[in-house]
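Structure, as structure tokens:
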Amino acid sequence: MKLDILLGLQWGDEGKGKVVDFLTPQYDVVARFQGGPNAGHTIEFGGKKFVLHLIPSGIFRQNTINVIGNGVVFDPITFKQEVQSISEFADVKSNLVLSSRAHLILPTHKLLDAASEKAKGDKKIGSTLKGIAPTYTSKIGRNGLRIGEILSPDFNTKLNDIIQIHKQQLDFYDFDYSLNDMMNQWLEAVEELKSYKIENTEYLINNELANGKKVLAEGAQGSMLDVEFGTYPYVTSSNTVAAGACLGLGVSPNKVDKVYGIFKAYTTRVGEGPFPTELFDKFGTLLQNKGHEFGATTGRPRRCGWLDLVVLKYTTMLSGVTDLIITKADILSGFEQLKIATKYFVNEQFTSELPYNLEQKITPYYDSLKTWIEDLTNYSSYENLPDNFKEYINYVENFLQTKISLVSTGPNRKDIIER
Ligand code: GDP
Ligand code: IMO
Ligand code: MG
């Protein structure tokens, strides 16, 4: 059996949580492979709404093993709170396994994140302030602390050594902080973590695959936030493209089968950085209001714009996407105008290639498509959907030369149409 991957093709918040929860019954294992509590994955069912930051979105289904892989950066405090928030609806202790190799986010990583953002002033990244960049910096700099180490007798010594290094780093910034309360809370959460399953999850996943089981890798953030290929430096600090799943779980590339690329019917971005199709007119406001575009992790308003096929062509290429999934198609119903960017005008010429530097002046070239007024949430079969909507779907498929196999028409688990 092979590994399937689901990942975001834009700047995050494409609806990954909702769709992973929908697909989970087809899988034996669901695993997060990168990022950390900067993610906010929303799942709605039975009149309830949940936002997951660290726990994979397969947790609400029975008989599924959920894995937090080695590529994730892990905050014990967020984890503790998250477990409490879903305890009535999910058996986390039985159904979740944590990688001993995943790196721990320390309270000082969060302080360093805040200090760095403050020092950047108007060049700030718009980080979620969850300590992501400093924790990946520690990992690559070979100064990190991993989950497996909480069980080791010299954990406290290692922890104190790292905290000392971080304090020296914080001294370079003009930044006031107090650490004691945070540190106590963190140590309490670490103590609790010891009662969870901590394993070398690369063995677990490869054994499951060898035994014919199906594994789904759940991406966080989006391809345009990838540290290699995104809008650097306005990116996150992990590899969000498909290759990241192999590294972040310890699975070889020849085990990958389907790559689901998920995108919103328009584009959103939370935080700073370039966004060529961003709208500052009434359509941008309409998308934000109708789409309830406020961050699931920080509550910040999301910037909104038209769908950008230059971006999607690039990100489907980077991850070898085999199946596309469109979400929030319902939000476009009743729009008096519908546009899609198909190329950019940069440096006096048109290009369909995503430029290396998106901070230069870029004017997107748009195609206008026919609109529809019907509420898509009321439909259950693809054939019956409005013709103009199906034309829009065909247009995107033709452009990307990839089939759209799922259409999401609302936030609920059941608001989805298979083709
Ligand atoms: P993720 O980070 O990719 O999991 O996405 P988020 O949960 O941050 O943001 C997606 C938002 O859109 C959430 O509030 C979802 O409940 C909601 N959502 C997902 N799919 C749809 C859809 O097809 N239609 C509508 N209206 N909302 C959706
Ligand atoms: P999900 O998984 C949208 C953005 C932040 C910021 C940049 C860097 O819910 O799609 P970081 O805290 O990672 O150092 O912030 O990345 N960002 C996200 N935007 N969805 C996310 O996750 C995000 N995770 C990080 O807003 O611009
Ligand atoms: Mg989100």
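Any value given below was found using the heavy atoms of this structure, including those in side chains, with hydrogens, waters and symmetry copies removed. When a ligand or atom number is given, it counts from 1 through the structure's own listing order.
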Decide whether S408 and K18 meet the rule of one side-chain donor and one side-chain acceptor closer than 3.5 Å. yes
Look at R61 together with D21 and state whether they make a salt bridge at an N to O cut-off of under 4.0 Å. yes
Check contact between D330 and ligand 1, using heavy atoms of the residue and a distance below 4.0 angstrom. yes
NZ/NE/NH1/NH2 to OD/OE distance under 4.0 Å, E88 and K48: no
Could you check atom 21 (C) of ligand 1 against the protein and tell me its nearest heavy-atom contact, residue, atom and distance included? G410 O, 3.4 Å
Note: heavy atom closest to atom 11 (C) of ligand 1, options K328, Q10, E14, belongs to K328
What is the closest protein heavy atom to atom 19 (N) of ligand 2, and at what distance does it sit? V270 CG1, 3.3 Å
Selected option - heavy-atom contact closest to atom 26 (O) of ligand 2, from E218, R302, K124, R300: R300
Pick one of side chain, backbone, both or neither for how R302 approaches ligand 1, counting any non-hydrogen atom pair under 4.0 Å. side chain
Just checking, any donor-acceptor pair under 3.5 angstrom between side chains of Y395 and D367? yes
Check ion pair R413-E44 (N to O, under 4.0 angstrom): no
Could you tell me if the ring centre of Y196 sits under 6.0 Å from that of F79? yes
Residue, atom name and distance, where the atom is the protein heavy atom closest to atom 8 (C) of ligand 2: V235 O, 3.4 Å
Considering distance alone, does some N or O of K18 sit under 3.5 Å from an N or O of ligand 1? no
Numbering as shown, the atoms of ligand 2 that approach A39 to under 4.0 Å (heavy-atom distance): 1 (P), 2 (O), 9 (O), 22 (O)
What part of H292 sits under 4.0 Å from ligand 1 if we count only heavy atoms: the side chain, the backbone, both or neither? neither
Does one side chain, of T128 or R300, offer a donor that lies under 3.5 Å from an acceptor on the other? no
D308 side chain to Y344 side chain, donor-acceptor N/O pair below 3.5 angstrom: yes
Counting non-hydrogen protein atoms only, what is the nearest one to atom 15 (O) of ligand 2? Give residue, atom name and distance. S127 CA, 3.5 Å
Quick note on ligand 1: atoms under 4.0 Å from a heavy atom of H41 include exactly 1 (P), 2 (O), 4 (O), 7 (O)
F22, F89, F60 screened by ring-ring contact (aromatic ring centres under 6.0 Å, His included) with F45, the one that passes: F60
Shortest protein contact, atom 15 (C) of ligand 1 (heavy atom only): T42 CB, 3.9 Å
Compute whether any side-chain donor of one residue and acceptor of the other, for H53 and Q81, lie under 3.5 angstrom apart. no
K16 heavy atoms within 4.0 Å reach ligand 2 at atoms 1 (P), 2 (O), 10 (O)
Charged N-O contact under 4.0 Å between E14 and K264: no
Below 3.5 angstrom, do we get any N/O pair linking K49 and ligand 1? no
Closest non-hydrogen protein atom to atom 18 (N) of ligand 1, residue and atom name please, with distance? P411 CA, 3.9 Å
Using a strict 4.0 Å threshold on nitrogen-to-oxygen distance, state whether K370 and E391 make a salt bridge. yes
Geometric N/O contact I331 with ligand 1, under 3.5 angstrom: no
To the nearest 0.5 Å, atom OG1 of T236 lies from atom CD of Q221 at 4.5 Å
In the protein, which heavy atom is nearest to atom 12 (O) of ligand 2, and how far is it? T128 OG1, 2.6 Å
Under-4.0 Å salt bridge between K403 and E397: no
I need the nearest protein heavy-atom contact for atom 23 (C) of ligand 2: residue, atom name and distance, please. Q221 CG, 3.6 Å
Dump the intermediate steps for side chain to side chain donor-acceptor pair (under 3.5 Å) on S381 and N384, then the final yes or no. CA-CA 6 Å; S381 93; N384 297 337; 3.1 Å; yes
Let me confirm one number: the CG-CD1 distance from L54 to I105, rounded to the nearest 0.5 Å. 7.0 Å
Please report whether ligand 2 has a polar contact with R269, defined as an N or O pair separated by less than 3.5 Å (distance criterion only). no
Within the 4.0 Å heavy-atom shell around G17, which atoms of ligand 1 are there? 4 (O)
So if I count the atoms of ligand 2 from 1 in the order they appear, which ones are less than 4.0 Å from some heavy atom of W11? 3 (C), 19 (N)
Out of L225, N38, I125, the nearest non-hydrogen contact to atom 17 (N) of ligand 2 is supplied by L225
Distance from atom 10 (C) of ligand 1 to nearest protein heavy atom, with residue and atom: D13 O, 3.8 Å
Trace of the side chain to side chain contact (heavy atoms under 4.5 Å, CB included) decision for I416 with V407: CA-CA 6 Å; I416 200 154; V407 177; over 6 Å; no
Which of the ligand 1 atoms, numbered from 1, are nearer than 4.0 Å to a heavy atom of E44: 16 (O)
Using a plain distance cutoff, I'd like to know if T327 has any nitrogen or oxygen under 3.5 Å from a nitrogen or oxygen of ligand 1. no
Indicate yes or no: does an N/O atom of H41 lie under 3.5 Å from an N/O atom of ligand 2? yes
Among T236, I262, D113, closest by heavy atom to atom 11 (P) of ligand 2 is T236
Donor on one side chain, acceptor on other, R101 and S99, under 3.5 Å: no
Provide the atom name of the closest N, O or S atom of D13 relative to the Mg ion (ligand 3). OD1
Below 4.0 Å from ligand 1: does a non-hydrogen atom of G8 turn up there or not? no
Using a strict threshold of under 4.0 Å (side-chain N to carboxylate O), is an ion pair present between D75 and K130? no
Can you sort out which atoms of ligand 1 are near S408, meaning under 4.0 Å from one of its heavy atoms? 20 (N), 21 (C), 22 (C), 23 (O)
Heteroatom test (N, O or S) for G40 near the Mg ion (ligand 3), limit 2.8 Å: yes
Out of G40, G291, G219, G222, whose heavy atom is nearest to atom 2 (O) of ligand 1? G40
Backbone or side-chain N or O of G40 under 3.5 Å from ligand 2 N or O: yes
Determine, stepwise, if the pair Y266 / E293 fulfils side chain to side chain donor-acceptor pair (under 3.5 Å). CA-CA 11 Å; Y266 47 96; E293 293 298 350; 2.6 Å; yes
D13, any N or O under 3.5 Å of ligand 2 N or O: yes
Can you list the ligand 2 atoms lying under 4.0 Å from a non-hydrogen atom of A220? 2 (O)
Testing the 3.5 Å rule here: is there a donor-acceptor pair between the side chains of D13 and T268? no
Heavy-atom gap G126 to ligand 2 smaller than 4.0 Å: yes
Any G12 heavy atom less than 4.0 Å to ligand 1: no
